[in-house]
There are 2 protein chains.
Amino acid sequence: MNLKQLSELLGLSQTTVSRALNGYPEVNEATRERVLQAVRETGYRPNKAAQRLATGKAGSLGLVMPTAPGHQSDVHFGEFLAGLGEEAVRHDFHFVIMPADPDDEVAALRRLAISGNVDALFVAYMRGHDPRLPMLKSLSTPFVVHGRSHGTEPDYPYLDIDNEAAFYDAAKLMLQLGHKRFALMNGPEHLDFAIRRKQGLESALAERGLHLNEDCISHTLMTDEQGLVAMEQFLQLPDRPTAILCSSTVLALGAIRAVNQAGLKLGEDISLIAHDDVLPLLKPENFSVPLTTTRSSLRAAGARIAQRLIGTVKQTGSFPEQELWKTELIVRGSTGPAPKP
Amino acid sequence: MNLKQLSELLGLSQTTVSRALNGYPEVNEATRERVLQAVRETGYRPNKAAQRLATGKAGSLGLVMPTAPGHQSDVHFGEFLAGLGEEAVRHDFHFVIMPADPDDEVAALRRLAISGNVDALFVAYMRGHDPRLPMLKSLSTPFVVHGRSHGTEPDYPYLDIDNEAAFYDAAKLMLQLGHKRFALMNGPEHLDFAIRRKQGLESALAERGLHLNEDCISHTLMTDEQGLVAMEQFLQLPDRPTAILCSSTVLALGAIRAVNQAGLKLGEDISLIAHDDVLPLLKPENFSVPLTTTRSSLRAAGARIAQRLIGTVKQTGSFPEQELWKTELIVRGSTGPAPKP
DNA sequence: GGAGGACTTCAAAGCGCTTTGACAAACAAC
DNA sequence: GTTGTTTGTCAAAGCGCTTTGAAGTCCTCC
């Protein structure tokens with residue numbers, strides 16, 4: 001059943017039926033009702049590809065999903081997608097997800113944009129000097145970045161959390177508790193949030209004349225295994241750190257296993273603050289020792305970005321181009337006074 | 001840059017350029033090379049919507065993502081998507097994801113299929129007597145179901161794991177270890193896998209003349225919190241169970257917290273076997289007491305389904321309509337002999 | 001020298017929708 | 001009775017691609 005058949009069935013032109021369906025005012029209400037009735041009876045649905053072709057709008061957001069045979073799937077991605085979805089479902093938008101090898105992201109994003117399949121793009125996993133930004137700016141597809149790109153003029157639309165402040169505050173708390181020896185379990189070095197969190201920690205330390213030793217920084221994928229390995233290494237250091245900042249509750253999961261295996265007590269021998277993306281699976285309060293965290297909901301960020309993107313596409317309302325969300329520092333049991341030497 | 005412009009630029013007809021790009025044999029190799037060169041220089045990409053409209057094929061798989069403001073995002077979904085993606089990326093397929101309220105799944109799936117936006121559908125979270133099956137059969141869009149639907153003639157294409165055998169085997173192991181009092185921590189009651197796993201357990205018990213008490217069955221969402229709650233209730237039963245079968249490592253996570261909090265020892269006081277979907281975040285070997293599991297990779301299932309769907313769309317090769325994968329029973333530390341009374 | 005083939009290329013139709021510009025019909029105003 | 005204004009409807013063009021059917025060119029072979 002297509003528009004032509006439907007209009008023949010009704011003895012109307014395609015124009016009139018199309019307008020009746022799309023809410024145009026120049027259609028007699030009685031006619032519109034007849035059309036709607038026929039749609040209900042026949043189950044007619046407009047062909048999206050044709051609509052897209054005719055209007056240039058498709059009601060869809062595009063994103064690139066990094067994937068590869070060996071590539072670990074990322075819980076953060078799923079959670080973010082849930083946030084996007086929550087908002088998209090309200091506006092009858094859908095997603096076009098292009099899976100791509102992480103090394104091929106620029107090209108994949110470009111393909112997606114130019115394909116004419118999406119109205120707007122969402123971009124994540126930002127790096128320092130991210131090569132996708134110049135590319136995106138040269139295109140006419142609207143986009144919003146989750147995160148920022150260190151080293152690039154911040155003149156693009158983004159939503160980020162204040163990673164630097166988050167880790168600055170976390171470090172401050174540790175300092176107040178008397179900790180002097182810090183370690184940082186961070187995400188991959190090239191990622192923007194990792195850069196900023198490190199800066200946040202370092203500037204808090206610098207204020208007290210302290211310095212972060214290279215041995216006490218790990219940059220790894222955000223998996224619990226990597227957390228375990230990194231923590232094991234920290235614990236073997238001659239002058240082992242007592243204050244750990246950790247970029248994810250996922251890393252913390254492994255880190256805490258290492259602490260337990262070493263027979264140490266979290267919140268006494270070792271204090272730890274993790275960044276909490278509010279993953280449903282890893283609630284900080286559910287850890288055997290509840291975790292002190294810097295918190296910001298990934299899902300809420302997803303919903304907000306969807307809102308901005310859809311608003312832009314539909315031209316309803318205007319939004320700030322740049323948003324920087326503060327994180328909350330939530331103190332629980334995993335932080336305590338520095339142990340006496 | 002569109003096909004018309006490109007062909008004018010080259011002084012060729014649209015036909016020839018189109019054929020050159022799509023690998024048709026009736027194009028002079030020299031001409032094809034010229035076209036390809038021009039594509040490289042101009043960055044031309046065909047408009048997908050137009051291609052879709054012209055060919056009826058879009059190179060996309062459709063799926064419905066259950067979501068709602070209060071709805072917990074599901075790690076299993078993300079992991080499955082990763083599997084689909086892994087395969088899709090090889091064939092330059094993408095996904096169209098329609099977020100939908102869980103109560104609206106049938107309609108959402110229908111919309112997605114009829115929209116003409118997808119070549120094939122993937123369907124999950126199967127229920128007993130699933131209402132989506134009759135609907136799907138009435139459409140002409142190819143689809144593959146992950147799971148099965150208890151109570152429906154199995155004449156539709158599916159990929160499932162042998163849930164019944166998995167839990168039958170798990171129960172057998174427990175029985176051999178001398179356990180007599182069983183409990184089941186299952187997923188939502190209406191879901192197909194939950195039905196079959198329960199059957200598997202019950203038939204193993206029946207062989208020994210044992211019976212599963214209603215108190216000893218929980219049907220909940222697969223979250224760690226629900227696991228905690230369910231286990232707490234089991235532990236308060238007057239004649240508390242010693243053998244727990246658990247439908248997910250996520251549930252097990254909470255369950256084990258409850259066991260620990262009760263001061264009991266996993267693998268001694270309580271034995272537990274969980275089903276392991278091979279989530280990267282929850283490796284059974286990383287639990288403080290490594291978990292005995294029935295294992296089947298969700299990600300592998302996703303990849304396989306993508307393979308089947310894409311194969312069907314592209315008409316390359318043929319695949320079995322129905323596949324039933326065996327799970328592996330992997331014995332680790334969480335199972336031990338039944339405690340002496 | 002003309003028939004038959006192989007090889008290339010092209011103009012035009014069509015996919016299903018939206019939108020432009022034209023046009024009846026009905027009514028109001030002069 | 002003409003003109004002007006709404007109101008509701010339509011035919012046709014166009015979105016960017018693929019594909020059909022036709023046709024031009026160049027060989028080969030009798």
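Worth knowing before you read on, the calculation uses all heavy atoms, side chains too, and leaves out hydrogens, waters and symmetry mates. Note that this is a predicted model, so its numbers are computed, not measured. Order of the sequence lines sets the chain letters (A, B, ...), proteins ahead of strands, with each chain counted from 1.
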Ring pair (Phe, Tyr, Trp, His ring centres under 6.0 Å) with A:Phe122: of A:Tyr158, A:Phe93, A:Phe95, A:Phe80, only one passes, and it is A:Phe80
Using a heavy-atom distance cut-off of less than 4.0 Å, which residues of residues 89-98 of chain B contact DNA chain D? none
Please give me the minimum heavy-atom distance between B:Gln322 and B:Pro154, naming the atom from each residue. NE2-O, 3.3 Å
Closest contact, heavy atoms only, B:Glu87 versus B:Arg90: OE1-NH1, 2.8 Å
With a 3.5 Å cut-off and no angle check, do the side chains of A:Arg40 and A:Gln37 form a donor-acceptor pair? yes
Separation of atom CG in B:Leu3 from atom C1' in C:dC15, rounded to whole Å: 15 Å
Note: A:Asn117 and B:His94 closest approach over all heavy atoms is ND2-CE1, 3.5 Å
Closest heavy-atom pair, A:Ala82 versus B:Met65, reported as atoms and distance to 0.1 Å, is CA-CE, 4.4 Å
Quickly work out the B:Gln5 CD to D:dC17 C1' distance and round it to whole Å. 13 Å
Collect all protein-nucleotide pairs involving nucleotides 8-10 of chain D in which both atoms are nitrogen or oxygen and the distance is under 3.5 Å.
residue, atom, partner, partner atom, Å
D:dT9, OP1, A:Thr31, OG1, 3.0
D:dT9, OP2, A:Asn28, N, 3.4
D:dT9, OP2, A:Thr31, OG1, 3.2
D:dC10, OP2, A:Ser13, N, 2.7
D:dC10, OP2, A:Ser13, OG, 3.2
D:dC10, OP2, A:Thr16, OG1, 3.0
D:dC10, N4, A:Arg19, NH1, 3.3

Just to confirm, is there a sub-4.0 Å distance from OP1 or OP2 of C:dC17 to any side-chain nitrogen or oxygen of A:Tyr44? yes
Which residues within residues 47-55 of chain B lie with some heavy atom under 4.0 Å of an atom in DNA chain C? B:Leu53, B:Ala54
Could you check how far CG of A:Asn22 sits from C1' of C:dT18, rounded to whole Å? 8 Å
Between C1' of C:dT18 and CG of A:Leu21, the distance in whole Å: 12 Å
Heavy-atom check, side chain of A:Leu112 versus side chain of B:Lys48, under 4.5 Å: no
Heavy atoms within less than 4.0 Å of DNA chain D: which residues of residues 113-120 of chain B have one? Give them sorted by number. none
Just how far, in rounded Å, is P of C:dC10 from NZ of B:Lys4? 15 Å
Would you find more than 12 non-hydrogen atoms of other residues, nucleotides or ligands less than 6.0 Å from A:Arg111 atom CZ? yes
About how many Å separate CG of B:Leu81 and CG of A:Leu81, when rounded to the nearest 0.5 Å? 6.5 Å
Compare every heavy atom of A:Trp325 with every heavy atom of A:Glu323, then report the nearest pair and how far apart it is. OE1-NE1, 3.6 Å
Scan the side chains in residues 128-135 of chain A for donor-acceptor partners under 3.5 Å anywhere in the protein, sequence neighbours excluded, and list what turns up.
residue, atom, partner, partner atom, Å
A:Asp130, OD1, A:Arg132, N, 2.9
A:Asp130, OD1, A:Arg132, NE, 2.9
A:Asp130, OD2, A:Arg127, N, 2.8
A:Asp130, OD2, A:Arg132, NH2, 2.8
A:Arg132, NH1, A:Ala124, O, 3.1
A:Arg132, NH2, A:Ala124, O, 3.0
A:Arg132, NH2, A:Tyr125, O, 2.9

To the nearest 0.5 Å, what is the distance between OG1 (A:Thr141) and CG (A:Leu121)? 5.5 Å
Using whole Å, report how far CE of A:Met1 lies from P of C:dC17. 10 Å
Would you say B:Tyr24 places a side-chain N or O within less than 4.0 Å of OP1 or OP2 belonging to D:dT18? no
Using atom types as modelled and distance alone, determine if a side-chain donor or acceptor of A:Arg304 lies under 3.5 Å from a backbone N or O of A:Gly83. no
Check whether more than 12 heavy atoms from other residues, nucleotides or ligands sit under 6.0 Å from atom NZ of A:Lys137, and answer yes or no. yes
For B:Ala100 against B:Val64, the heavy-atom pair lying closest together: CB-CG1, 3.8 Å
Do any of residues 34-42 of chain B sit with a heavy atom less than 4.0 Å from DNA chain D, and if so which? none
Can you tell me how far apart CG (B:Leu9) and CE (B:Met1) are? Round to the nearest 0.5 Å. 6.0 Å
